[in-house]
Each structure stands twice: as structure tokens, then as C-alpha cells.
Amino acid sequence: MKTKIISTPIQNEDLEKLEIGDIVYLDGYLITARDDVHQRLIKQHKELPVDLAGMAIFHAGPIMQELEGQKGKYKVISIGPTTSMRMEKYEKDFISQTGVKVIIGKGGMGESTVKGCQKHKAIHTVFPGGCAVLAANCVEYVERVEWLDLGMPEAMWVMRVKEFGPLIVSIDTKGQNLFEINKGEFNIKKDSVLEEICQHVDYLD
Amino acid sequence: MDKVEQREKFIDIMARFTAYTGKHLPDDVYVKLKELREKENTALARIIYDAMFDDLEMADELDRPCCQDTGIIQYFVQLGTQFPLIDEIEDCLREAVKKATLIAPLRHNAVEVFDEKNTGNNVGTRIPWIDWEIVPNSNAATIYVYMAGGGCSLPGTAKVLMPLEGYEAAVKFVFDQITSYGINACPPLLVGIGIAGSVEVAAKLSKKALLRPIGSRNTNPRAAELESSIETGLNAIKIGPGGLGGESSVMGVHIEQAARHPATIAVGLSTGCWAHRRSIIKINADMGYEIISHKGAVL
Ligand code: SF4
């Protein structure tokens, strides 16, 4: 397990040596992009209002608060990762169209994202789920917000972050997928556990 | 206190209590997480638990929701038939949610179905969801607040099995769902299982199972034994915190049942995440209150 700090704009070389299970921290720009942002770009072919090349996106829907007396200026109250798998359908195309380098979320992603990461030298990482104040604490400031018409959780929040992490690499640039490996192991254990329990549940008279 | 004052008082208590629920885990959950944390010995699992406890500490210090997903608000009300606000309690709870959304602040999570618009105040059609139980000869209301987050609601499922498939099929149904979807729901999980004759009863009971104190056991000996063997079994799979592997998978397994139809065994499953925000308050006729889930809580 290696630990490393990466900064935006992120280069291929920053990611190539990383492997699943490594821990990274992010400096620079982090932009939220979840279901609706993916769908607007990939399905509706809308142009993104933020250039994501070399950047990091966060599958997250934050709680933001408008600063008193400063219309359009926000501070982050609480921001944690959402289930990345929901974006699986579009993530590969999203990576190829935007040039995004680091995807941060929760839980694993699938085969299609693995391919996208391998081809375009990107990684998927997880931030500890639910740890939203911890994450908010790594945000220096909210630079701006785009597509706020989608509502607070779905809008694109452009943030500057400092040592944002811990981020656990779950898909690396070599085609490895931590959660798929884990799932395989869980399923093997599941079969023997089930066999044992099912011997004792014959309650029918 | 006249009706108007009572109403205002009630709304204020419930708004502040709902906001509080998003910022502090209940005592039983906290104790259980600490116990599970001690058992971990890999670097990765420890990092995740450290993050959780740092997060809880910061949430407390900064007075913020510990997880950004403050969920759809659900109230499970045990309502005394002589509770003074019985005629307007539903309206008061809706007001309380609006107020909590501003003061906490809570994330805006109520999206109107079909219109696909976020209402922006956590109130919408039938939301907050309110479940009623009538308590005869009582003038108090005991209210459970539950924040149903997206991630932890996602593994929820229910199915009607045929009796000859047996309880085995129900157990398998639960295990399959937890190992495939549960890992994304921020483990360690609390697993609620409902067993009944039809799908909606099983589903509802599975949620009620999540409201029980962690570690409590079903009063039926077979059910209690099944709770403990499913718990042991899920832990043996070693899903670990965040689904990254570790010594345990769940905080507990609770089963609730209703008599079934001879021709069906319906099973429902609900999951709670590590940030299991379930709180309990008892409000008396004079609007005095007692917080049951969090010792020493100050609103
Ligand atoms: S599953 Fe629970 S802890 Fe995780 S993001 Fe959702 S509400 Fe928060």
C-alpha cells in the first residue's frame, strides 16, 4: 500500500504507478458530477460548463449554504460520496469525452469503467462513505456552481481542495478492480455460510 | 398552554430533534461501531473506521450533519389517543421538516415523482413518510425519526416465495442482496428482515426491524436464533467497513414477523448504514419531552 498526493491538472504519469488498494490525497480542483450531469453530457449531448480535462470529479451531492449577504457564493457544510455504480452506464463515455483523470465515489464500478480507465489512463477511487464533514473539511473554498437548475445535490460544484482524502484506489490504470476482487471473495464465502445456516431453518411442520 | 402555543412548541421540538438526528448517531449505534472498530486489524479497515470517528467528532464540533445524505425523513409515531395535538400532528410534522431543513441544514431530498422536480424543502407528496400506531389510553406521543438515505435504501427489496421453497430461500435472498448491493451501502450495515404473507407487510416490517435497539432479539426463540445465525454468517463473509474487507459486515440483524398465508412466505429486506440515524423522543401532553435514543442530548 502506497500513499501519494496528486495535484490537478493530473498527468498520466501521476497515475500509472498506482495500484488498487493504494491511498491518494488530492490537491487542486474537484468538481461534483453525478447522475444528471452524466446524463446531460452523454444522453442529451449538452456541453459541460466546466472543462474537466486533467481534473477530478466527485460522485457527490453536497449540502451547500449560501453565504450571508453574498449572493451566489457558497460554503460547503457536508459533502460525501454517493454510490458510484449508478454512473456505470455512462462513465466510460464520460471519461473519453472529458479527459477526467480521477473519479471519486463510493463502492465499486463495473467492467465498462475499468475499460475506460485503462484506455484513457484514469482511476476510480473511494472516499470513506458517509464521512461528509471530514470531506468538507478538506475543501478550501467553493469557486462557483454550474447547472444549479438541477437542484443542490445534482449541480456541478467547482471546489478547491487540499489533501482531499483518504482516497482508496479501487480501479487502477492497469485494469484491476478492487471491489470485483472483493465481491468474488465474498461470494465464495457466502456459499459455505449459506449451506451451514440452511441446515437449521427447516421450520415447516 | 393554548392550542396555538402547543402547536408551535411541538413543531419547534420536532424540527430541532430532526436536525439533531442528522448530526449525532444514537447511543446504541455508537457503542456498536466502537466495538467493531476494535476488532479490525488491517490498515485499510482501520483507516475507514478512523475516518468515521473523525467525521462524527467534527460533525459534533461544527454542528453539522455527519453524512451529507440526510435522507427522506420518515416518522414512526406511536400516538396516544388522548394526545392533545392528535388532529393536527401530521401537519405539524410536515412543518417541522421544513423548519429542520433550514436550521440543520438538511439536504434537499424530496423529488416529486413524474414532475421530477426537487421540492427544495424535504416535503412532498406523502413525504415526510409517517407511520402510525395507535396507543390506547395514553396522552403522549413517542416518535421515531429515521433518515432514509439513498445509499442505504438502495439494497431494499422484497419478494413473495412459495412455502415449499422454505425459509432457506428467504435466507438466500437476504445473503444474495447483501453481498451484491450491501457493499455499496456504507457497511457495517444493520439488516432488517420482515417475514409475512404479502409483500407490503414484509417490506414494512423489515423497516420496523431497523428501528429496534441494536443487539435486541426477537421474542420468538426460532426467530432470535435465526437473527443470530444470519448475523454470524454475514460477519463470516467479512465485508468490512466500506465494503473493503474486514473482520465484520454488520452491526446486527433484526427480524420482525406477521402471521403468513398458508400459500406464501413473503420476505422483505431493509438496510441501515453505519450512519444509522434513528432517534426516539417521547413528547407528553404538556409538551415536555424525553429523548430516549441519545443520552444527555440537548436540543
Ligand atoms: S449509505 Fe448512509 S452513510 Fe452512506 S452515504 Fe448513504 S446515508 Fe450516508
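All heavy atoms count here, side chains included; hydrogens, waters and symmetry mates do not. Sequence lines set the chain letters: A, B, ... in the order given, protein chains first and strands last, and positions in each chain run from 1.
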Find the one option among [options] whose heavy-atom pairs under 4.5 Å with chain A are most numerous.
options: I265(B), L154(B), I183(B); value: I183(B)
options: G243(B), G151(B), P241(B); value: G243(B)
options: S229(B), P65(B), A275(B); value: P65(B)
options: R64(B), E168(B), E57(B), E61(B); value: R64(B)
options: K238(B), R222(B), K117(B), E116(B); value: R222(B)
options: G242(B), C66(B), C186(B); value: C66(B)

Side chains of [X] and [Y]: closer than 4.5 Å at any heavy-atom pair?
X: L134(A); Y: F127(A); value: yes
X: I168(A); Y: I48(B); value: yes
X: D22(A); Y: T3(A); value: no
X: Q68(B); Y: T70(B); value: no

Quick check on the interface: out of [options], who has the most heavy-atom pairs with chain B under 4.5 Å?
options: L204(A), N182(A), I77(A); value: I77(A)
options: C198(A), G129(A), G130(A); value: G130(A)
options: L178(A), V126(A), N137(A); value: N137(A)
options: G61(A), S192(A), G107(A); value: G61(A)
options: G151(A), S170(A), P153(A); value: P153(A)

Examine whether an atom of [X] lies under 4.5 Å from a heavy atom of chain B, and if so say whether it belongs to the side chain, the backbone or both; otherwise answer neither.
X: K190(A); result: both
X: V193(A); result: side chain
X: L150(A); result: neither
X: I79(A); result: backbone
X: A136(A); result: side chain
X: P166(A); result: side chain

With a 4.5 angstrom heavy-atom cut-off, could you sort out which part of [X] is near chain A: side chain, backbone, both or neither?
X: D69(B); value: neither
X: L62(B); value: side chain
X: I47(B); value: side chain
X: A43(B); value: side chain
X: D176(B); value: both
X: L244(B); value: both

Quiz item: Within the distance-only criterion (no hydrogens, no angle test), does the side chain of H276(B) pair as donor or acceptor with the backbone N or O of G272(B) below 3.5 angstrom?
Solution: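 It does not hold such a pair.
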Quiz item: Is there a donor-acceptor pair under 3.5 Å between the side chain of K189(A) and the backbone N or O of G184(A)?
Solution: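 Side chain of K189(A) to backbone of G184(A), a donor-acceptor pair under 3.5 Å: no, none is there.
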Closest non-hydrogen atom pair, [X] against [Y]:
X: R144(A); Y: V50(A); value: NH2-CG2, 3.7 Å
X: S84(A); Y: H59(A); value: OG-ND1, 2.8 Å
X: T32(A); Y: P62(A); value: CG2-CD, 4.5 Å
X: A110(B); Y: I127(B); value: CB-CG2, 4.4 Å

Quiz prompt | No-hydrogen, no-angle side-chain donor-acceptor test under 3.5 Å, S112(A) and E91(A) | solution =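 Note: S112(A) and E91(A) side chains miss the donor-acceptor criterion.
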Quiz item: So, W157(A) versus Y74(A), ring centres under 6.0 angstrom or not?
Solution: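 Yes, the ring of W157(A) comes within the 6.0 Å limit of the ring of Y74(A), centre to centre.
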Exercise. Report the C-alpha distance between N118(B) and E154(A) in whole Å, list the side-chain angles of each, state the deciding distance to 0.1 Å, and finish with yes or no for side-chain hydrogen bond (donor to acceptor under 3.5 Å, both in side chains).
Key: CA-CA 10 Å; N118(B) 193 319; E154(A) 298 287 343; over 6 Å; no
Quiz item: Any idea how Y30(B) and F53(B) line up, ring-wise: parallel (<30°), tilted (30 to 60°), or perpendicular (>60°)?
Solution: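 The rings of Y30(B) and F53(B) stand perpendicular, inter-plane angle above 60°.
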